[in-house]
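All remarks here apply to the structure that follows.
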Amino acid sequence: MHPGQFQITHTDGQARRGELFTAHGPIQTPAFMPVGTQASVKSLSPHDLTDIGAEIILGNTYHLYLRPGHELVARLGGLHTFSSWDLPILTDSGGYQVFSLSALRKLTSEGVEFRSHIDGSKHWFTPEKVMDIQVKLGSDIMMVLDECVSYTADWNYTRDSVSLTTDWARRCLQASPPDSGSQLLFGIVQGGFFSDLRTRSAEEITPLPFSGFAVGGLSVGEPKEIMLDILAHTVPLLPGHKPRYLMGVGTPLDLVDGISHGVDMFDCVLPTRNARNGTLYTSQGKINIKRQEFRADDTALDPACSCYTCRTFSRAYLRHLYTARELLAYRLNTIHNLAYYLELMRRARQAIAAGTFADLHREIQGVFKGAQDLKEE
RNA sequence: GGAGGGGUACCCAAGUGGCCAAAGGGAGCAGACUGUAAAUCUGCCGGCGUAAGCCUUCGGAGGUUCAAAUCCUCCCCCCUCCA
């Protein structure tokens with residue numbers, strides 16, 4: 001099995017269950033990839049991650065370039081050795097920072113000039129540079145440099161942005177051809193919130209020899225229905241035999257929705273960030289562990305969960321740790337939220353293999369959508 | 001006994017005639033977070049009321065004033081120094 005090979009073993013409707021091979025081993029799909037921007041999934045050790053069954057994590061090109069520097073990481077043996085993580089790593093290109101740090105950058109057709117969020121110094125990112133950085137980091141899956149456009153971008157702006165992203169995708173391929181090493185390179189379809197531009201972007205990106213294709217630019221503040229509409233429109237435009245990656249999404253329900261449309265890979269900061277902010281995902285829905293109601297609750301966080309946190313501690317203790325700002329709170333909460341996400345993916349894979357994915361989809365809709373509707377009424 | 005400083009909302013603390021139901025913090029309560037500038041941010045936080053508004057609060061009691069947390073008198077309590 002060579003890196004880049006993708007085998008789909010089962011399908012259930014549009015949902016697929018598969019396996020993607022990388023230089024650091026296989027990834028079972030559908031997969032959720034915890035985000036470890038700065039070569040660390042915040043508050044967790046690699047052991048914590050393997051313990052809950054993480055098979056791949058993310059790193060970020062922009063952040064690691066700035067600190068500690070890709071040259072240094074390369075000298076120290078690459079990202080895997082540097083961070084003692086032996087399993088696959090996907091590095092995002094910095095395309096998201098074009099969006100999230102829009103106040104600190106200038107975009108030209110040639111590339112992006114960032115003013116460092118750390119010290120204000122100027123840094124020039126081109127597709128070629130971003131490839132060079134990711135090659136030196138040694139990630140298993142590299143992402144092309146793209147422009148993640150905001151929800152407010154109009155058609156004309158988004159049209160030009162699609163052209164830019166396509167041009168950059170070609171340049172990334174040129175800088176790092178598919179057969180040049182064991183690192184995979186994924187293309188990214190953009191097109192904002194205009195179906196015709198999504199189509200155009202897919203038509204331009206998907207013929208290129210990438211190992212997989214991502215849908216970018218979603219969950220940037222748009223209403224959920226719009227996100228789902230664009231997703232439903234875009235995923236079928238991606239080649240069926242290659243992995244499909246929905247970038248930056250999402251909630252547990254988003255993941256299941258995505259899988260139902262044929263998405264294979266997801267990443268999102270939500271489970272880790274929310275864990276640090278007290279919002280925890282359980283089989284009974286989303287709970288805020290800070291709430292008064294858990295003050296004396298001696299039950300497990302989620303009785304249906306078998307993670308270390310749920311096996312060992314009570315809600316009352318977790319609330320206490322959070323309230324007292326104890327560092328352990330961040331780790332225990334993060335372990336749980338990621339365990340929940342990874343278990344959800346495991347169940348999705350099993351359900352697809354068993355042909356019962358629709359049941360799981362309905363169950364998750366009931367847990368999260370139901371709770372949301374109740375709250376809104 | 002003498003000299004000085006101080007008592008403000010659950011806590012700390014600003015305010016020294018009207019713009020004060022009273023700055024800031026903290027605590028408390030609730031919410032947000034989607035390819036991480038995030039262990040961050042937002043809202044509420046005397047009582048009643050949906051609101052306009054009304055009522056009760058700045059140690060206590062009196063007083064001055066159109067108006068007092070703020071000025072005056074007396075009293076109570078706390079802290080520091082001196083004897």
Side-chain angles (χ1 to χ4, degrees), chain A residues 32-44 56-64 66-67 89-105 114-120 130 139 141-149 151 186 188-190 214-224 227-228 231 245-255 257-258 263 265-281 286-295 319 321-334 337 341 368 372 375-376:
Chain A
F32 178 77
M33 309 182 280
V35 179
T37 303
Q38 310 198 71
S40 163
V41 174
K42 295 184 192 301
S43 83
L44 299 193
I56 173 171
I57 60 174
L58 255 69
N60 182 279
T61 300
Y62 165 86
H63 287 278
L64 292 169
L66 282 183
R67 186 169 58 192
I89 295 174
L90 180 151
T91 42
D92 184 34
S93 60
Y96 185 72
Q97 279 63 43
V98 172
F99 163 72
S100 68
L101 300 180
S102 58
L104 300 176
R105 54 76 174 166
F114 282 104
R115 263 185 15 245
S116 161
H117 68 285
I118 301 167
D119 63 7
V130 162
S139 55
I141 302 174
M142 306 184 288
M143 299 303 299
V144 296
L145 183 62
D146 65 328
E147 180 189 7
C148 178
V149 299
Y151 178 49
F186 279 26
I188 304 175
V189 171
Q190 288 287 349
V215 178
L218 292 182
S219 272
V220 288
E222 75 281 9
K224 186 119 312 184
M227 195 267 271
L228 290 173
L231 186 64
Y245 165 25
L246 176 54
M247 304 186 80
V249 173
T251 65
L253 183 52
D254 289 341
L255 302 202
D257 283 339
V263 174
M265 301 161 67
F266 303 86
D267 80 282
C268 192
V269 304
L270 218 44
T272 46
R273 177 182 293 169
N274 278 356
R276 296 191 307 280
N277 292 332
T279 299
L280 304 176
Y281 294 96
K286 217 170 75 164
I287 72 171
N288 189 330
I289 198 64
K290 294 179 263 195
R291 289 177 64 94
Q292 166 87 346
E293 63 182 290
F294 303 120
R295 198 183 69 84
R319 179 182 190 273
L321 289 180
Y322 194 90
T323 302
R325 294 171 161 71
E326 279 295 333
L327 298 185
L328 185 57
Y330 306 118
R331 173 163 174 256
L332 296 180
N333 290 349
T334 303
N337 269 358
Y341 268 62
F368 291 99
Q372 216 176 332
K375 220 170 58 184
E376 282 164 8

- Determine the interatomic distance between C1' on rA30(B) and the same-named atom on rC20(B); round to the nearest Å. 27 Å
- In Å and rounded to the nearest 0.5 Å, what is the CE to CE distance from Met265(A) to Met247(A)? 9.5 Å
- Message: Going by purine N1 to pyrimidine N3 plus the second Watson-Crick contact, or the G-U wobble pair, all under 3.5 Å, which nucleotide sits opposite rC44(B)?
- Response: rG28(B)
- Query: Does the side chain of Tyr245(A) come under 3.5 Å of the side chain of Asp267(A) through a donor N or O and an acceptor N or O?
  - Reply: yes
- Item | Same-atom distance (P) from rC10(B) to rG17(B), integer angstrom | 26 Å
- Message: Any side-chain to backbone donor/acceptor pair from Ser93(A) onto Val144(A)? Under 3.5 Å, distance only.
- Response: yes
- Task: Could you check how far CG of Asn288(A) sits from C1' of rA32(B), rounded to whole Å?
- Result: 10 Å
- Message: Measuring only the P atom in each nucleotide, how far is rU70(B) from rA21(B)? A whole number of Å is fine.
- Response: 14 Å
- Does the Tyr322(A) side chain pair with the main chain of Arg276(A), one donor and one acceptor, at a distance under 3.5 Å? yes
- Separation between CG of Leu253(A) and NZ of Lys286(A), rounded to the nearest 0.5 Å: 11.5 Å
- Quick one: OG1 on Thr61(A) to CD on Gln97(A), what's the gap to the nearest 0.5 Å? 8.5 Å
- Query: Any idea how Phe114(A) and Tyr62(A) line up, ring-wise: parallel (<30°), tilted (30 to 60°), or perpendicular (>60°)?
  - Reply: tilted
- Once you round to the nearest 0.5 Å, how far does OG of Ser139(A) lie from CD1 of Ile57(A)? 11.5 Å
- Query: Does Thr279(A) or Leu327(A) map to a spot on RNA chain B nearer the 5' end, using the closest nucleotide for each?
  - Reply: Thr279(A)
- Item | Pairing nucleotide - rG4(B), Watson-Crick or G-U, each distance under 3.5 Å | rC79(B)
Between N or O atoms, less than 3.5 Å apart, protein on one side and nucleotides 35-38 of chain B on the other: list the pairs.
{"unit_1": "rG35(B)", "atom_1": "OP1", "unit_2": "Val269(A)", "atom_2": "N", "d": "2.4"}
{"unit_1": "rG35(B)", "atom_1": "OP2", "unit_2": "Tyr96(A)", "atom_2": "OH", "d": "3.4"}
{"unit_1": "rG35(B)", "atom_1": "O4'", "unit_2": "Gly248(A)", "atom_2": "N", "d": "3.0"}
{"unit_1": "rG35(B)", "atom_1": "O4'", "unit_2": "Asp267(A)", "atom_2": "OD1", "d": "3.3"}
{"unit_1": "rG35(B)", "atom_1": "O4'", "unit_2": "Asp267(A)", "atom_2": "OD2", "d": "3.0"}
{"unit_1": "rG35(B)", "atom_1": "O2'", "unit_2": "Asp92(A)", "atom_2": "OD2", "d": "3.4"}
{"unit_1": "rG35(B)", "atom_1": "O6", "unit_2": "Gln190(A)", "atom_2": "NE2", "d": "3.4"}
{"unit_1": "rG35(B)", "atom_1": "N1", "unit_2": "Asp146(A)", "atom_2": "OD1", "d": "3.4"}
{"unit_1": "rG35(B)", "atom_1": "N1", "unit_2": "Asp146(A)", "atom_2": "OD2", "d": "2.8"}
{"unit_1": "rG35(B)", "atom_1": "N2", "unit_2": "Asp92(A)", "atom_2": "OD1", "d": "3.2"}
{"unit_1": "rG35(B)", "atom_1": "N2", "unit_2": "Asp146(A)", "atom_2": "OD1", "d": "3.2"}
{"unit_1": "rG35(B)", "atom_1": "N2", "unit_2": "Asp146(A)", "atom_2": "OD2", "d": "3.3"}
{"unit_1": "rG35(B)", "atom_1": "N3", "unit_2": "Asp92(A)", "atom_2": "OD1", "d": "3.2"}
{"unit_1": "rU36(B)", "atom_1": "OP1", "unit_2": "Asn60(A)", "atom_2": "ND2", "d": "3.1"}
{"unit_1": "rU36(B)", "atom_1": "OP1", "unit_2": "Asp92(A)", "atom_2": "OD2", "d": "3.4"}
{"unit_1": "rU36(B)", "atom_1": "OP2", "unit_2": "Thr37(A)", "atom_2": "OG1", "d": "2.9"}
{"unit_1": "rU36(B)", "atom_1": "O4'", "unit_2": "Arg273(A)", "atom_2": "NH2", "d": "3.2"}
{"unit_1": "rU36(B)", "atom_1": "O3'", "unit_2": "His63(A)", "atom_2": "NE2", "d": "3.3"}
{"unit_1": "rU36(B)", "atom_1": "O3'", "unit_2": "Gln97(A)", "atom_2": "NE2", "d": "3.3"}
{"unit_1": "rU36(B)", "atom_1": "O2", "unit_2": "Arg273(A)", "atom_2": "NH2", "d": "3.2"}
{"unit_1": "rU36(B)", "atom_1": "O2", "unit_2": "Arg276(A)", "atom_2": "NH2", "d": "3.4"}
{"unit_1": "rU36(B)", "atom_1": "N3", "unit_2": "Arg276(A)", "atom_2": "NH2", "d": "3.3"}
{"unit_1": "rU36(B)", "atom_1": "O4", "unit_2": "Thr272(A)", "atom_2": "OG1", "d": "2.6"}
{"unit_1": "rA37(B)", "atom_1": "OP2", "unit_2": "Ser100(A)", "atom_2": "OG", "d": "2.5"}
{"unit_1": "rA37(B)", "atom_1": "O5'", "unit_2": "His63(A)", "atom_2": "NE2", "d": "3.2"}
{"unit_1": "rA38(B)", "atom_1": "O2'", "unit_2": "Arg276(A)", "atom_2": "NH2", "d": "3.2"}
{"unit_1": "rA38(B)", "atom_1": "N7", "unit_2": "Arg273(A)", "atom_2": "NH1", "d": "3.4"}
{"unit_1": "rA38(B)", "atom_1": "N7", "unit_2": "Arg273(A)", "atom_2": "NH2", "d": "2.9"}

- When both distances are under 3.5 Å in a Watson-Crick or G-U wobble arrangement, the nucleotide paired with rC33(B) is none
- Message: I'd like the P distance from rA9(B) over to rG46(B), given in whole Å.
- Response: 12 Å
- Item | Span that lies between the C1' atom of rC11(B) and that of rA3(B), in whole angstrom | 31 Å
- Could you work out the separation of rC76(B) and rA68(B) based on their P atoms and round it to a whole Å? 26 Å
- P gap between rA69(B) and rA61(B), integer Å: 13 Å
- Note on the structure: To the nearest angstrom, the OH-P distance between Tyr322(A) and rA27(B) comes to 12 Å
- For Leu280(A) and rG31(B), what is the distance between atoms CG and P respectively, to the nearest whole Å? 13 Å
- Message: Tell me the interatomic distance from Leu321(A), atom CG, to rA39(B), atom C1', rounded to whole angstroms.
- Response: 13 Å
- Query: Got a donor-acceptor contact below 3.5 angstrom from the Thr37(A) side chain to the Gly59(A) backbone?
  - Reply: no
- Look through every strand shown and name the nucleotide pairing with rA69(B) as Watson-Crick or G-U wobble, where both distances are under 3.5 Å. none
Name the pairs: protein N/O against N/O of nucleotides 28-30 of chain B, kept only if under 3.5 Å.
{"unit_1": "rC29(B)", "atom_1": "OP1", "unit_2": "Gln292(A)", "atom_2": "OE1", "d": "2.7"}
{"unit_1": "rC29(B)", "atom_1": "OP1", "unit_2": "Arg319(A)", "atom_2": "NH2", "d": "2.8"}
{"unit_1": "rA30(B)", "atom_1": "OP2", "unit_2": "Gln292(A)", "atom_2": "N", "d": "3.3"}
{"unit_1": "rA30(B)", "atom_1": "O3'", "unit_2": "Arg291(A)", "atom_2": "NH1", "d": "3.2"}

- Message: Going by purine N1 to pyrimidine N3 plus the second Watson-Crick contact, or the G-U wobble pair, all under 3.5 Å, which nucleotide sits opposite rC58(B)?
- Response: none
- Message: Please check: side-chain N/O of Lys290(A) versus main-chain N/O of Asn277(A), any donor-acceptor pairing under 3.5 Å?
- Response: yes
- If pairing means Watson-Crick or G-U wobble with both distances under 3.5 Å, then the partner of rA14(B) is none
- Task: In whole angstrom, give me the gap between the P atoms of rA22(B) and rG47(B).
- Result: 14 Å
